[in-house]
Amino acid sequence: MRSEAPAPGTSPPTGEIATGPARTHNLRRLFVTVPFASACPQLAYGIVGYFAALQIQSFDSVHKIEKLALVHAAVATASMIAQPLVGVLSDRTRTRFGGHTGFRCATDHVA
């Protein structure tokens with residue numbers, strides 16, 4: 001027996017996948033936000049990189065290029081080590097609130 005499609009603009013019953021106008025509306029809303037979500041991290045990295053260079057220049061203007069290279073190398077190395085470790089810990093962590101929830105809450109407060 002086939003259930004009827006939900007009215008336009010409403011969610012399907014629990015456990016069913018949205019089809020038709022409801023799905024199109026949700027996808028349209030998602031596609032509108034994707035460019036902004038993609039641009040924000042890049043913008044943040046650019047801003048941090050710019051101000052890091054200014055800070056290093058104010059500390060030591062003679063050797064600023066070497067110091068900036070050292071900072072970028074240290075950050076890249078720390079990232080290569082930390083990301084896989086945190087990923088494994090996050091994947092294997094189970095709480096009563098669900099997997100990954102503790103890590104999401106922690107990173108929300110850091111960001």
Side-chain angles (χ1 to χ4, degrees):
M1 184 173 201
R2 193 163 193 208
S3 63
E4 293 181 27
T10 61
S11 299
T14 306
E16 293 185 23
I17 298 174
T19 58
R23 182 176 183 183
T24 305
H25 177 70
N26 289 339
L27 288 176
R28 204 173 291 143
R29 188 171 46 188
L30 173 68
F31 289 142
V32 167
T33 60
V34 166
F36 300 111
S38 298
C40 285
Q42 305 306 321
L43 183 62
Y45 293 144
I47 291 170
V48 168
Y50 175 74
F51 285 111
L54 289 179
Q55 287 287 331
I56 290 171
Q57 183 178 0
S58 69
F59 294 146
D60 186 9
S61 62
V62 176
H63 302 288
K64 61 186 175 191
I65 295 173
E66 292 85 3
K67 303 282 184 182
L68 186 61
L70 183 65
V71 167
H72 282 292
V75 168
T77 304
S79 178
M80 287 188 327
I81 293 169
Q83 283 183 354
L85 292 177
V86 171
V88 168
L89 287 174
S90 174
D91 288 342
R92 294 183 182 203
T93 299
R94 296 288 177 248
T95 64
R96 63 181 178 162
F97 303 111
H100 306 284
T101 304
F103 287 90
R104 284 190 207 128
C105 291
T107 55
D108 285 347
H109 292 296
V110 170

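This chain uses plain numbering: 1 for the first residue, then up along the sequence. Values in this document were obtained by computation on a predicted structure and should not be read as measured data.
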K.L.:
Can you name the residues that form a side-chain contact (heavy atoms from CB on, under 4.5 Å) with I81, not counting sequence neighbours?
P.N.:
T77, L85
K.L.:
Give a yes or no on whether the backbone of V75 and the side-chain of S79 come within a donor-acceptor separation of less than 3.5 Å.
P.N.:
no
K.L.:
In residues 47-60, what donor-acceptor pairs under 3.5 Å come from side-chain atoms, sequence neighbours left out?
P.N.:
from, atom 1, to, atom 2, distance (Å)
S58, OG, Q55, O, 2.7

K.L.:
Cut-off 3.5 Å, no hydrogens considered: what does the side-chain donor-acceptor table look like for residues 30-43, sequence neighbours left out?
P.N.:
from, atom 1, to, atom 2, distance (Å)
T33, OG1, L30, O, 2.8
S38, OG, V34, O, 3.0

K.L.:
Near I65 CD1, under 6.0 Å, is it more than 12 heavy atoms from other residues, nucleotides or ligands?
P.N.:
no
